[in-house]
Amino acid sequence: MNELQQETAPALSVSHVSKVFDVSAPWLNRVLERRPKLFVEAVSDISFTVEKGTCFSIVGESGCGKSTVARLVTGLYATSNGDISFGTGATGRPIKVQMIFQDPHSSLNPRWRVGDIIAEPIREMKLRNSEDETLARVRELLETVGLGADDALKYPHEFSGGQRQRISIARALASEPELLVCDEPTSALDVSVQAQILNLMRRLQDELGLTYLFISHDLSVVRHMSTHIAVMYLGRIVEQAPVEELFTNPQHPYSKLLLATIPDIENPKRRVEAQAGEPPSPLNPPSGCAFHPRCPVALSKCSQSAPDLCPTSAHGKVACFVAQDANNTAMEKAAV
Amino acid sequence: MMVQPIPVPEDSINATPALDVQGLSVEFPTRRGVLKAIDDVSMQIAPGEILGVVGESGAGKSITGLAVLGLLEHPGRIAQGAIHVGGRRVDTLTEAELTKVRGREMGAIFQDPLTALNPLFTVGKQLVETIRLHTGMSKTEAEGRALELLRSVGIPAPEERLRQYPHQFSGGMRQRVVIALALAAGPRLIIADEPTTALDVSIQAQITALLRKLCDETGVGIMLVTHDMGVIAETADRVCVMYSGRVVESGPVGDVIHNPQHPYTKGLMAAIPSLHDRVEVLSQIDGSMPRLNARPSGCAFHPRCPHAGPKCSAQKPLLQKVGTTSAACWLQQGGTQ
Amino acid sequence: MKFSRKLQSITFGGLAAVLLATTSTAETVRWGAPRDIVSLDPYSYGDSYTINFLNNIYEGLVRYNRDLEIEPALATSWEVVSPTTWRFTLREGVKFHDGADFTAEDVMASLLRVTDETSPLKGNLPAYKSAKVVDDYTIDIELNGAYPLLLNDLTNIHIFDKGWLVANNAEKPTDVSAGIEGYATFNTNGTGPFILESRTPEAQTILNVNEGWWDEPKHNLTRVEFQPISSAATRVAALLSGEVDFVDSAPVQDLPRLEAASNLKVLERTDLRTVMLGFNRRDELVAGGENPLNDLRVRQAMELAVDMDLIQQKVMRGKSRNAGLLVAPSIPGYSEELDTPAGYDPEKAKTLLAEAGYEDGFEFDFVCTNESYVNEEQFCQAIASMWSRVGLSPKLDIGPTAKQTPKRANGKADVYTLGWATLPMLDTYSILVQVLHSKTGNSGVFNWGDWSYPELDKLTQSAAVELDRDTRLQMETDALKIAKEEVIMMPLHQQPMAWAVSNDFSDFPQFPDNKPRMWYVTK
Amino acid sequence: MLAFIIKRLANAVFVMLSVTFLAFVIFRFVGDPVDQMLNEQATQEQRDDLRERLGLDKPFLVQFTTFVGRAATGDFGISFRNQRDVLDMIAERFPATFELVLVATFISLIVGVPMGVITAIKRQSWYAETMQFTSIIGISLPSFVVGIGLILVFSVWLGWFPAFGRGDTVDLGWWTTGLLSHSGRMSIVLPALSLSLFQITLVMRLVRAEMLEVLRSDFIKFARARGIPARSIHFRHALRNCLMPVVTMTAMQIGGLIAFALVTETVFQWPGMGLLFIQAVTFVDVPIMAAYLCIVALIFVVLNAIVDMTYAVIDPRLRGAEK
Amino acid sequence: MSDQTSGKAVPTRMERFWDSDLWWSFKSHKSAVGAAIVLLLVIITAFLAPVLSPQNPYDLAALELWNAELPPIWMEGGQMPFLLGTDVQGRDILSGILYGTRISIIIGIASVAVSLVVGIGLGLMAGYYGGWIDNVLMRIGDVLLSIPIVLVAILVSSVAQQFLPPAFREVGVAAVLVLAIAMYSWVQYARVVRAQTMVERRKEYVMASRLVGTPARRLMVKHILPNTLTPIFVAATLNFGLAILIEATLSFLGVGMPPNQPSLGTLIRVGNQYLFSGSWWIVLFPSIQLCILVVAVNMLGDWLRDALNPKLR
């Protein structure tokens with residue numbers, strides 16, 4: 001019974017998490033100009049769960065709060081509200097989480113040898129008893145990610161971007177995590193190298209039974225990697241669905257916009273006039289549904305209140321009055 | 001709204017290509033020897049055509065653009081080849097002569113619109129300065145044209161915007177201003193170096209659409225330098241794939257994407273995750289692009305090429321027509337032995 | 001409009017000033033001084049350089065003539081009415097610079113001012129008790145005992161105009177602690193041969209000739225421009241380039257160069273000032289521990305260890321006069337037979353030190369200033385070096401006077417320099433009472449080493465009241481002899497005094513008291 | 001904008017208070033003021049009396065508050081040595097220092113800016129390299145050595161310029177200037193030159209560094225790509241963008257120069273505030289030291305504040321920040 | 001997988017240095033090589049002063065007044081062993097220069113070292129923790145920077161020397177000078193380190209390290225500090241030159257080293273008094289040595305700044 005629960009319990013549950021940053025002008029300015037304190041809700045009231053062994057992706061444009069989610073989950077930021085809890089890992093302890101970063105140039109300390117970089121988590125967390133064991137583990141990790149054992153003595157600048165990302169992954173694996181948060185791990189890489197890294201990550205997922213929380217703006221990468229996708233817009237999840245469902249039948253107008261505007265090699269949508277408008281500033285979000293000023297199907301109530309994230313299908317959820325209404329109608333029709 | 005092109009003699013428009021690069025090599029002397037950043041590159045752009053130049057970082061695509069503009073950074077230099085813009089040879093011009101050609105005959109758009117504009121001048125001032133410099137218009141005329149330009153690149157309320165400073169524009173709007181500036185004197189050629197990389201996906205689509213529209217309307221030739229195959233597919237007419245400072249394949253966009261000839265292009269296309277199908281393992285090209293100071297002999301791609309033969313490491317393949325596209329590969333040119 | 005008119009007037013004013021500045025060079029002394037005077041008030045600060053300069057503006061009842069003999073000035077005659085009362089008859093028809101008449105009330109006010117409790121100069125008139133105005137031109141001065149040197153003291157007591165003092169609320173000397181400026185600090189109203197035109201402290205003080213001076217001018221000057229140039233090198237450069245035409249303390253090392261310059265002449269002689277070393281005579285040295293300086297043999301050894309001839313030759317460029325006595329030859333009380341320098345005998349010095357039990361020497365503080373005496377920094381180093389060679393370990397401490405004086409005065413110096421010229425008294429009594437006498441009451445103020453020789457004290461006290469000049473001088477000489485035998489202080493030399501003046505001057509008398517008297521200068 | 005100004009002022013006040021505190025500590029603890037004021041003959045009663053009158057027996061904080069209160073009204077007491085109001089003395093000397101610094105700054109800008117531009121745009125040329133090399137020497141030579149050298153050559157050997165002092169000055173009532181008389185103008189040449197030498201190299205190097213930085217920027221590349229001619233790029237686009245740091249540094253350096261002038265003033269016996277200060281240090285004339293410290297800091301702080309505010313006016317980005 | 005990197009032997013630290021851009025840039029800069037050689041020579045001779053110089057100029061007993069003001073050896077009247085002549089105390093100028101240079105260099109190095117330690121420490125804390133620590137430290141810096149350095153140094157030096165007990169005077173004066181100079185220059189380092197720390201703190205490698213629970217102190221020292229050192233290194237070199245100049249200036253003004261322990265500045269001040277009397281060598285040689293020393297340091301610093309500036313390469 002207990003064991004069964006452990007098996008099915010999610011690796012990560014995020015419930016009603018918000019993160020508010022204080023971006024107020026300094027005290028004096030506020031007093032003089034009678035301006036209130038200014039907060040940005042980078043992440044507002046989001047909930048999702050990540051099942052073990054799956055890859056949950058969050059997509060969205062820059063500034064939508066997806067990186068903040070990554071940092072909240074890894075504990076680099078404290079939540080302003082809500083809970084983040086981890087499931088139980090193979091060893092019976094709570095699942096350990098590690099992170100892979102975007103920029104392979106700044107994610108490795110240029111003054112450290114690669115071996116020391118990878119050994120740092122082992123040494124800090126005292127995962128091995130002796131220095132020899134540590135070094136052996138480092139060699140093993142290097143080989144796991146497809147590098148040579150003698151690369152441990154080199155410095156990061158001697159490696160190409162793809163190789164550095166491998167080092168970054170090796171370091172993340174060194175602390176023996178079961179959940180990896182990947183914040184745009186390939187967006188700084190070239191396409192051919194991106195394929196190498198994505199393949200490596202998929203391989204590691206299979207071999208080590210890892211769970212991924214994958215953050216990206218690149219829909220094609222997300223489609224390749226994920227089992228579930230959440231689309232974020234201005235701090236909120238506007239749609240959440242299994243990958244196939246989202247790509248074949250997006251519900252939210254924003255998801256539709258994203259899918260419509262990303263360049264598609266196979267079916268170029270040339271000569272299609274792109275939708276106008278730019279994402280609003282998070283400092284000054286629109287009232288109601290944040291997407292309503294750009295939304296082609298916006299209703300009057302969209303500017304007044306924000307829709308909740310409601311289930312539309314077995315696994316899908318959407319936060320849009322129009323989509324929910326349409327869905328309800330469809331369900332009613334089906335019921336009728 | 002359409003921009004009125006500055007009248008050019010009728011006969012030269014369609015007769016001569018907007019850009020003709022022949023056998024261009026660019027070198028960077030360094031202490032460890034001379035780096036050949038660009039090796040024997042040729043390409044043409046017809047008026048009204050968008051040529052996508054694609055490649056991974058370090059492939060030499062941006063340097064090609066800068067070489068055309070004559071803006072290679074010290075100590076880079078053009079070692080060989082000829083560049084003609086609108087029929088006029090530009091690589092042999094002095095800096096003073098080049099200055100007259102730049103802006104007038106060819107414009108440029110760079111990656112980051114945030115830093116491309118002088119923060120201390122209003123947008124209008126920068127536009128008027130450029131227009132007057134190349135057309136000899138009066139100040140009022142130039143202001144009129146500046147308005148027209150802003151309108152044509154889709155900036156709302158241009159009268160007001162003229163008096164504003166760059167920092168008052170959003171990223172997408174700023175890139176539109178940059179495009180307006182590049183178009184100011186009605187050039188025949190625009191070098192667009194990663195014009196959408198710094199922008200969000202939804203804005204990116206707006207800018208590529210704008211480029212496409214301007215190209216069609218004004219007949220300007222555009223060299224679209226990018227690493228994003230998707231952008232090329234959406235925007236370009238023809239594409240030039242670069243690898244390690246050389247062109248490995250070029251041809252019409254559809255053909256190169258759907259029927260690539262060069263193993264590198266093939267690998268590249270296969271490595272892009274599809275938006276439509278899901279595969280377990282992406283096709284990947286092992287290794288990474290060689291550094292320019294360690295370019296392999298023969299075909300630069302041979303160490304990573306699954307089909308490489310002895311000839312590939314011995315002799316450099318030249319670009320040869322294969323069907324609708326051209327590829328520089330011994331496989332296509334009679335085997336690798 | 002208004003502004004431009006103002007500007008115009010400013011510019012015109014400026015032009016006028018420029019013209020004035022360029023036309024008034026006729027008979028001008030451009031005086032490059034080593035330092036500025038500190039105040040225009042002669043009673044505000046016991047600084048003889050300041051008082052000397054102000055003598056060109058203010059005068060006393062009597063003054064020294066060209067031969068340093070006392071002659072009448074504002075007083076025409078005097079008589080000793082009783083041993084403690086002197087009656088002065090004042091000169092009539094003398095006017096202050098502001099036109100006020102000079103009367104006995106002015107003398108009265110000036111005496112009160114200088115002897116005020118807060119006056120730093122009250123020590124310069126030690127015998128004064130009270131004064132009484134007899135009539136407009138007669139005044140009696142009451143002394144607290146018989147005192148033969150009153151006239152000498154009075155040469156330096158400058159006379160103010162009472163009315164001016166009262167009008168400007170300056171009847172008392174300026175008191176720094178009160179935190180307010182005294183009017184007399186930056187204004188003058190004297191009777192002297194020159195009138196103050198302007199003063200910018202540390203930059204320039206300009207005097208013009210007083211056309212209404214009571215005395216027959218022996219000078220032909222119309223203007224004195226006094227400019228402090230504290231850097232010696234710059235001062236010499238200014239002299240060589242003709243920017244100044246008189247320098248009252250030319251560095252001795254530059255004299256050959258100045259003499260060689262065609263437009264200059266150098267006036268030199270030895271100063272009245274005798275430079276000497278004093279010893280700490282307290283029970284302990286400054287750094288603690290028993291004080292070897294109380295042993296006569298040690299002091300003798302220290303004297304013998306110093307080669308004054310070498311210093312005279314190298315450091316003082318042969319310009320100084322080595323001294324065997326604490327006063328200069330022209331000072332009354334001097335005795336030629338006592339003036340025998342100890343000589344240089346390092347071997348004997350070592351022997352003496354050994355006898356005293358200090359064959360390994362000892363450490364002590366040697367406090368010098370860097371600007372009080374000619375080449376002081378250099379001769380102090382040379383002496384320290386010579387002492388080192390007989391095994392002593394002097395710790396040389398060189399600094400500005402303002403920092404060193406508190407150390408010396410508070411007994412924080414084991415060996416220190418002191419220069420004494422007996423000015424303005426010009427009598428051996430000055431050094432006896434102020435320096436050599438034990439620290440009691442007003443005596444021994446400069447007895448920084450805190451020694452006590454009762455026999456010497458007794459001789460000094462008797463000399464103070466002895467009206468017979470010869471007897472008095474003998475007593476003083478006897479006291480000097482004790483000082484010499486006991487090596488209370490170690491005389492070094494009479495320092496050289498060098499003025500460099502432009503050849504344009506036909507007469508520029510130099511005095512052994514190093515006081516430039518502009519009323520004798522002709523150009 | 002208002003908030004900015006207030007914050008700037010608050011910062012300035014804080015700095016001034018701290019400097020005043022420093023000045024007060026010096027005033028209070030460098031030797032006993034009583035020792036400095038009274039001569040050796042003073043009795044213990046006199047000392048105690050004076051101590052009480054000066055308020056030295058009061059608690060530290062009370063003394064400091066009194067000191068600040070008086071300093072704020074410009075009352076720094078009177079000089080121990082000259083017995084004059086300290087502020088008057090400094091005010092009297094201020095024009096001399098200020099003119100010297102102004103002329104030096106002027107020289108350094110006139111010479112330094114073009115040199116900086118040339119060395120930046122013709123980086124590889126022999127004359128640029130020569131200038132660059134010379135500038136290292138200029139920045140390395142101690143100003144007193146330069147001063148001594150100048151006097152030796154131009155005053156003593158050649159006799160072209162005076163070796164010391166300020167020459168004739170013209171009194172404008174509220175200001176005395178040496179610039180209106182011939183001798184005054186001659187006198188300022190050598191000191192100003194010696195003071196500006198360091199400054200010239202500083203300006204030159206700053207302009208060069210800023211120019212190189214700006215010339216590398218994207219907007220210059222973009223301007224070149226638009227065919228803007230080199231001259232316009234260098235002087236209209238680039239130079240303008242690096243003027244702000246130059247203006248800032250020049251203004252800040254004026255404060256530094258005023259203080260640094262004391263070396264020059266010592267060598268050339270220039271009757272400015274610095275000379276006054278150096279003499280005060282020699283004579284332990286503490287009120288002057290304290291006042292000079294406060295005044296130099298005040299000049300510094302005021303210049304800084306002005307620069308910061310000018311920034312907001314010049315740069316459209318900062319101007320636009322307040323909506 | 002590790003295509004171009006495998007197979008080659010891993011170079012040692014020294015090999016890395018000889019192969020580095022820095023060394024290469026150095027070799028190709030004639031002025032930098034020249035400056036380094038001169039500087040090395042100056043430093044070596046200064047520290048070998050007790051061995052090289054014919055006389056210990058600080059030993060009062062060694063000075064012989066008979067030898068006062070001898071001209072340099074090549075002039076008439078010059079005497080062995082006084083190659084560059086003697087001053088008015090009979091002090092050998094060459095010995096004085098060597099010992100004086102040693103003092104100047106020691107004070108320069110010590111003041112740079114003190115200000116580096118203080119500046120880096122405080123800068124790291126301010127940059128890493130931010131908040132009120134940052135505020136307090138930076139305001140203190142503002143105050144110190146509002147008083148020009150010469151002034152600070154003069155005041156500290158003249159004030160502090162007053163309080164030195166006689167026993168400590170000899171070492172004390174130099175220590176006071178070091179503190180006076182360091183008191184000002186730490187602010188500069190603190191600001192640079194703080195700015196750099198604020199940049200580095202946000203970099204992903206620091207986050208990665210935080211994720212494995214590295215404590216703040218180790219983060220600062222092992223991760224952030226090494227990455228802030230490049231600009232600090234340049235600033236320290238240039239400040240070394242500045243410190244020497246300031247010390248010389250203070251000594252010239254008479255509030256620095258005393259005449260019986262002359263530094264270069266003191267020698268120049270003393271020598272300046274004999275400039276017109278014909279003994280030009282007393283002031284000339286120390287001046288030349290001071291200029292050579294500072295020019296060499298600044299030239300090296302200048303080259304270093306350009307060489308380490310990634311933007312200029």
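In what follows, chains are A, B, ... by sequence order, proteins preceding strands, each numbered from 1.
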Side chain / backbone / both / neither for E/Asn298 at chain D, heavy atoms under 4.5 Å = both

task = Give, as side chain, backbone, both or neither, the part of E/Arg139 having an atom under 4.5 angstrom from any heavy atom of chain D.
result = both

query = Top residue by heavy-atom pair count (under 4.5 Å) with chain E, among D/Pro142, D/Ala209, D/Ser143, D/Ala297?
reply = D/Pro142

task = Check the angle between the aromatic planes of D/Phe21 and D/Phe64 and answer parallel, tilted or perpendicular using the 30° and 60° thresholds.
result = perpendicular

task = Count the heavy atoms of every other residue, nucleotide or ligand shown that sit under 6.0 Å from CZ of D/Phe94, and state whether that count exceeds 12.
result = yes

Distance-only polar pair, side chains of E/Ser251 and E/Glu247, donor-acceptor under 3.5 Å = yes

Any D/Val207 side-chain heavy atom under 4.5 Å of D/Val203 side chain = yes

ask   = Of the backbone (N, CA, C, O) and the side chain (C-beta and beyond), which part of D/Leu22 lies under 4.5 Å from a heavy atom of chain E, both, or neither?
value = side chain

Contact winner vs chain D - E/Asn272, E/Val283, E/Val297, heavy-atom pairs under 4.5 Å = E/Asn272

query = What part of D/Ile299 lies closer than 4.5 angstrom to a heavy atom of chain E: side chain, backbone, both or neither?
reply = neither

ask   = So what's closer than 4.5 Å to chain E heavy atoms on D/Asn11: side chain, backbone, both or neither?
value = side chain

message = Counting heavy-atom pairs closer than 4.5 Å to chain E, which one of D/Val301, D/Asn304, D/Leu152 comes out on top?
response = D/Leu152

inquiry  = Between D/Ile139 and chain E, with a heavy-atom cut-off of 4.5 Å, which part of the residue counts as in contact: side chain, backbone, both or neither?
reply    = both

task = Would you indicate whether the side-chain heavy atoms of D/Trp126 and D/Thr130 approach each other to under 4.5 Å?
result = yes

query = Which pair of non-hydrogen atoms, one from E/Ala46 and one from E/Arg102, has the smallest distance, and what is that distance?
reply = O-CD, 3.3 Å

key: Leading residue by heavy atom contact count with chain E [cutoff under 4.5 Å; candidates D/Ser18, D/Gly149, D/Gly274]   = D/Ser18

query = Do the side chains of D/Arg93 and D/Leu275 get nearer than 4.5 Å, heavy atoms only?
reply = yes

ask   = What option among E/Gly241, E/Ala248, E/Ser31, E/Gly254 has the most heavy-atom pairs under 4.5 Å with chain D?
value = E/Ala248

note = Closest non-hydrogen atoms of D/Trp270 and D/Pro191, given as atom of the first, atom of the second and distance, are CE3-CG, 3.9 Å

Choice from E/Leu293, E/Leu253, E/Ile244 maximising heavy atom contacts with chain D below 4.5 Å = E/Leu253

